[in-house]
Amino acid sequence: MINRATIITLLTWLTFVGQSIAQSGATLADEYFKAGEFEKSANEYSKLLKTEVNWLRLSRYMYSLQKSNKADEAVKFLRKQEKADEANRAYYALLSGQLASQQGDTTLAKSQYTQALQSAKSSIPKLEKISDAFVELGENRWAIRSLEMAREVSKESGSYSSELMTLYKATGQTEKAIDEAINTSKQSDKKETVLAALQGYLNTKDEPLIEKALYTKIQAEPGELAYNELLIWYFIQKQKFSRALLQEKATDKRLKLNGGRVYDLGMVALNNKEYKTAAEAFEYIVTTYPQGQLYPFARRLVINAREEQVKNTFPVDKLEIRKLISDYQKMLQEIGTNNKTLEALRSTANLYAYYLDSKDTALTVLDLAVDLGKTDKNFVDRCKLDKGDIYLLKGEPWESTLLYSQVEKSQKEEFLGYEAKLKNAKLHYYKGEFTLSKELLDILKLATSREIANDAESLSLLIVDNTGMDSTEAAMREYASIDLLLFQNKTDEAVDKLNQMLKTFEGHSLADEILWLRANTFLKQGKNDEALEDLKKITATYPYDILGDDAQFTQGKIYEERLKDKAAAMDAYQKVLTQYPGSIYGAEARKRFRTLRGDTVN
């Protein structure tokens with residue numbers, strides 16, 4: 001007599017054998033299908049469908065029949081199964097619709113697709129599968145209807161937002177695609193996907209839809225942080241920092257975020273040279289959260305932002321410089337000198353040195369800073385570089401090179417070390433020691449910092465291009481000495497010497513460089529017309545030399561940013577595009593030209 005254990009073992013073995021046979025059958029069917037042997041694959045899938053029905057087998061069976069010229073057999077199969085197999089009726093209707101569509105019967109196709117949806121509407125999983133099937137068949141609009149129905153059944157307004165975002169975009173329904181992208185932003189793990197999707201609409205005719213949709217969402221759900229984050233992101237992308245700040249402050253007040261996000265926006269604005277907005281952001285933190293952790297940092301940065309604004313408004317107003325120093329002093333009295341405020345001492349010292357010609361006072365302030373921050377090696381080395389620069393302002397280059405060399409040794413293979421080496425290279429250049437300068441610059445061309453490598457490359461090229469033409473190198477020595485005057489902020493004296501150089505070395509290879517240097521000096525003095533005159537001489541006399549496109553692009557910036565002459569700016573940028581097609585300024589010139597013209601399309 002067979003016992004119970006033996007029966008169980010036998011049944012288990014039979015089940016395993018059955019599964020193995022089914023699995024081998026599926027593998028065989030798939031192999032035939034992939035090899036394009038459709039009659040054989042149809043035969044195998046037919047057997048498999050008798051044991052289990054799923055979308056992959058059904059769709060491949062239909063495809064195999066069609067490829068075997070058995071379309072009639074496919075139609076008969078679907079009609080028979082649609083009546084007999086209620087559980088998979090949606091699939092049969094969908095495939096019937098596909099066959100009708102292929103035969104050009106759009107009315108029947110629509111009827112069958114509708115029936116497929118009706119058969120699946122009571123089940124969210126079925127609707128999800130039907131949607132995937134529609135996508136596979138290239139019927140994206142019907143896939144959308146499937147998911148919209150699934151969303152309605154689930155009663156969750158945000159469900160399937162990521163999938164719908166993709167499908168709406170694929171079907172050209174831009175407004176809905178943007179709306180779903182914003183819905184998707186509520187899913188924190190989809191943030192990058194959402195930003196990438198919205199980025200594609202920036203600078204196109206559809207861009208206004210983003211802002212419109214965001215305001216609609218915020219009004220409907222004012223407490224949803226994701227929407228506010230997106231609106232702020234949008235404003236930053238469009239360089240509308242003041243509007244981003246307004247939104248960020250409103251969000252901070254409503255959600256009580258302690259100023260953290262406003263602080264971050266202030267830093268972004270500062271890095272983008274939007275000094276006015278940066279100052280307003282830090283001022284908000286100072287006045288709103290006087291007891292907060294960010295207060296000492298914001299207290300310094302609000303002055304720092306104003307400092308950058310003053311230093312970049314030409315000519316520089318010395319009265320404003322004194323106000324900045326007074327603000328820094330008040331801050332230090334209020335908060336004290338500590339790790340959070342040490343940078344204020346550096347800023348104060350540099351304002352004294354560069355704008356008020358109080359170099360000894362500046363050195364005294366830096367000595368105090370070094371003493372207070374002696375535990376911070378990087379801070380001390382930054383102060384040493386500042387001191388080296390100030391000694392150069394004083395005309396004491398040996399003190400400068402001693403300090404630069406100390407930082408080189410202290411910061412080997414670090415950014416500050418490379419910066420110190422670049423300063424030493426420039427010092428040799430100022431002194432007319434071109435061979436020594438070039439040796440250091442050639443090392444710095446390989447620096448990890450692109451900024452330093454580029455500066456080294458530019459100065460090296462200047463030296464190579466303008467030495468060796470005469471035995472005395474008189475022109476280059478004179479030019480380097482004027483560069484030192486400009487470093488020392490002696491702009492009037494520098495202009496006088498540049499005027500003399502243009503007369504003495506007329507026709508020299510440095511002539512365009514002299515004009516370029518004088519133009520930039522005029523800009524520092526706020527003499528826009530004089531600067532434009534020199535830039536136009538460069539583009540007229542030396543149009544194809546290395547500074548031709550620089551001079552042309554700078555003209556555009558002067559007209560746009562300083563003189564507010566839109567037409568002249570557009571003309572200047574257009575000349576960059578037409579006369580210098582390979583210029584590194586090409587992309588920026590095109591962007592500025594189109595912005596001035598009012599374009600919204602890339």
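A ring-centre distance under 6.0 Å is found for F553 and Y573. Between F241 and F235, the ring centre distance reaches or exceeds 6.0 Å.
With respect to the salt-bridge test (charged N to carboxylate O, under 4.0 angstrom), the residues K253 and E248 do not qualify. Look at K273 and E308 and you find no salt bridge, because none of the NZ, NE, NH1 or NH2 atoms lies under 4.0 Å from a carboxylate O. For the pair K536 and E533, the salt-bridge criterion is not met [side-chain N within less than 4.0 Å of a carboxylate O]. Using a 4.0 Å cut-off between a side-chain N of Lys or Arg and a carboxylate O of Asp or Glu, E211 and K238 do not qualify as a salt bridge. At a threshold of 4.0 Å, the pair E530-R518 does not count as salt-bridged, since none of the basic side-chain nitrogens sits closer than that to a carboxylate oxygen. With salt bridges taken as basic N to acidic carboxylate O contacts below 4.0 Å, none links K412 and E408. The pair E334-K330 does not count as a salt bridge, with every side-chain nitrogen at least 4.0 angstrom from each carboxylate oxygen. Salt-bridge check for R261 with D252: failed, with every basic side-chain N at 4.0 Å or more from each acidic carboxylate O. A salt bridge does not link K323 with D327: every distance from a Lys NZ or Arg NE/NH1/NH2 to an Asp or Glu carboxylate oxygen is 4.0 Å or more. Here K169 does not pair with E180 in a salt bridge; the nearest charged N to carboxylate O distance is not below 4.0 Å.
Using modelled atom types and a 3.5 Å distance limit, the side chains of Y328 and E307 yield a donor-acceptor pair. If you check the side chains of Y404 and D389, you find a donor sitting under 3.5 Å from an acceptor. Side-chain atoms of N140 and T171 include no donor-acceptor pair closer than 3.5 Å. A donor-acceptor contact under 3.5 angstrom links the side chains of N228 and R254, judged on distance only. Checked by atom type, the side-chain pair Y429/D483 shows a donor-acceptor distance below 3.5 Å.
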### Task
Walk me through it: do V268 and N272 pass the test side-chain contact (heavy atoms from CB on, under 4.5 Å)?
CA-CA 6 Å; V268 172; N272 280 273; 3.7 Å; yes
### Query
Checking side chain to side chain donor-acceptor pair (under 3.5 Å) for the pair N183/K217: CA distance, chi angles, key distance, verdict?
CA-CA 9 Å; N183 274 341; K217 293 286 187 184; 2.8 Å; yes
### Message
Set out, in order, the CA-CA distance, both residues' side-chain angles and the distance that settles salt bridge (charged side-chain N to carboxylate O under 4.0 Å, His left out) for E343 and R346, then state yes or no.
### Response
CA-CA 5 Å; E343 286 294 334; R346 282 188 63 219; 2.9 Å; yes
### salt bridge (charged side-chain N to carboxylate O under 4.0 Å, His left out) assessment of E280 paired with K249
CA-CA 10 Å; E280 289 175 3; K249 288 196 292 189; 5.5 Å; no
#### Entry: side-chain contact (heavy atoms from CB on, under 4.5 Å) between Y418 and E413, intermediate numbers included
CA-CA 7 Å; Y418 289 126; E413 308 304 323; 2.9 Å; yes
#### Entry: side chain to side chain donor-acceptor pair (under 3.5 Å) between D571 and Y559, worked out
CA-CA 10 Å; D571 181 61; Y559 283 125; over 6 Å; no
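Side-chain atoms of N520 come within 3.5 Å of backbone N or O of W516 as a donor-acceptor pair. Under the 3.5 Å distance criterion, the side-chain polar atoms of R151 are matched with a main-chain donor or acceptor of S157. S131 contributes no side-chain N or O that, together with a main-chain N or O of L127, makes up a donor-acceptor pair within less than 3.5 Å. Under a 3.5 Å cut-off, the side chain of T313 and the backbone N or O of Q309 do form a donor-acceptor pair. At least one donor-acceptor pair under 3.5 Å links the side chain of S161 to the backbone N or O of G158. Remark: side-chain polar atoms of D179 are not paired, donor with acceptor, to backbone N or O of E175 under 3.5 angstrom. Side-chain atoms of T341 come within 3.5 Å of backbone atoms of N338 as a donor-acceptor pair (strictly under, hydrogens ignored). A donor-acceptor pair under 3.5 Å is formed between the side chain of D376 and the backbone N or O of N378. The backbone N or O of L462 lies less than 3.5 Å from no partner atom in the side chain of E513, so there is not a single donor-acceptor pair. Y580 places a side-chain N or O within 3.5 Å of a backbone atom of P543 that can act as its donor or acceptor partner.
By the neighbour-count criterion of 12 heavy atoms within 6.0 Å, atom CD of Q199 is densely surrounded, having more than that number from other residues, nucleotides or ligands. Heavy atoms of other residues, nucleotides or ligands lying less than 6.0 angstrom from CZ of R322 number 12 at most. More than 12 heavy atoms of other residues, nucleotides or ligands sit less than 6.0 Å from atom NZ of K186. The environment of K387 atom NZ is dense: over 12 non-hydrogen atoms of other residues, nucleotides or ligands sit within 6.0 angstrom. No more than 12 heavy atoms of other residues, nucleotides or ligands lie within 6.0 Å of CD in E451, so this atom counts as exposed by the packing criterion. Remark: Q293 CD is loosely packed, at most 12 non-hydrogen atoms of other residues, nucleotides or ligands lying under 6.0 Å away. Counting heavy-atom neighbours within 6.0 Å of L255 CG, excluding the residue itself, gives a total above 12. For N339, the CG atom counts as loosely surrounded, since its 6.0 Å shell holds 12 or fewer non-hydrogen atoms of other residues, nucleotides or ligands.
Here the straight-line distance linking atom CG of L230 with atom CD of E224 works out to 9.5 Å at 0.5 Å rounding. Residue Y234 holds its OH atom at 14.5 Å from CG of L195, rounded to the nearest 0.5 Å. Atoms OG1 and CZ, on T277 and R243 in that order, are 12.5 Å from each other to the nearest 0.5 Å. Taking OG1 of T554 as the start and CD of E561 as the end, the distance is 10.0 Å to the nearest 0.5 Å. In this structure, L301 CG and M331 CE are separated by 9.5 Å, a value rounded to the nearest 0.5 Å. Interatomic distance, S460 OG to K445 NZ, rounded to the nearest 0.5 Å: 3.5 Å.
The side chain to side chain contact (heavy atoms under 4.5 Å, CB included) test with K537 singles out one residue from T539, L535, D534, and that residue is D534.
Looking at residues two or more places apart in sequence or on another chain, you find a salt bridge (charged side-chain N to carboxylate O under 4.0 Å, His left out) between R306 and E283. Remark: L246 engages no residue in a side-chain contact (heavy atoms from CB on, under 4.5 Å) (not counting sequence neighbours).
Side-chain contact between I285 and V302 is absent, with no heavy-atom pair separated by less than 4.5 Å. The side-chain heavy atoms of Y585 and R592, taken from C-beta on, include no pair separated by under 4.5 Å. Between L440 and L422, the closest side-chain pair of non-hydrogen atoms is not below 4.5 Å. Within the 4.5 Å cutoff, no side-chain heavy atoms of L444 are placed close to those of L446.
Scanning all heavy atoms of the two residues, the minimum distance from V194 to S185 falls at CG2-N, 3.7 Å. Smallest separation of non-hydrogen atoms from L270 and A278: N-CB, 3.8 Å. For A197 against M165, the heavy-atom pair with the smallest separation is CB-SD, 3.9 Å. Of all heavy-atom pairs spanning I182 and Y227, the tightest one is O-CE2, 3.3 Å.
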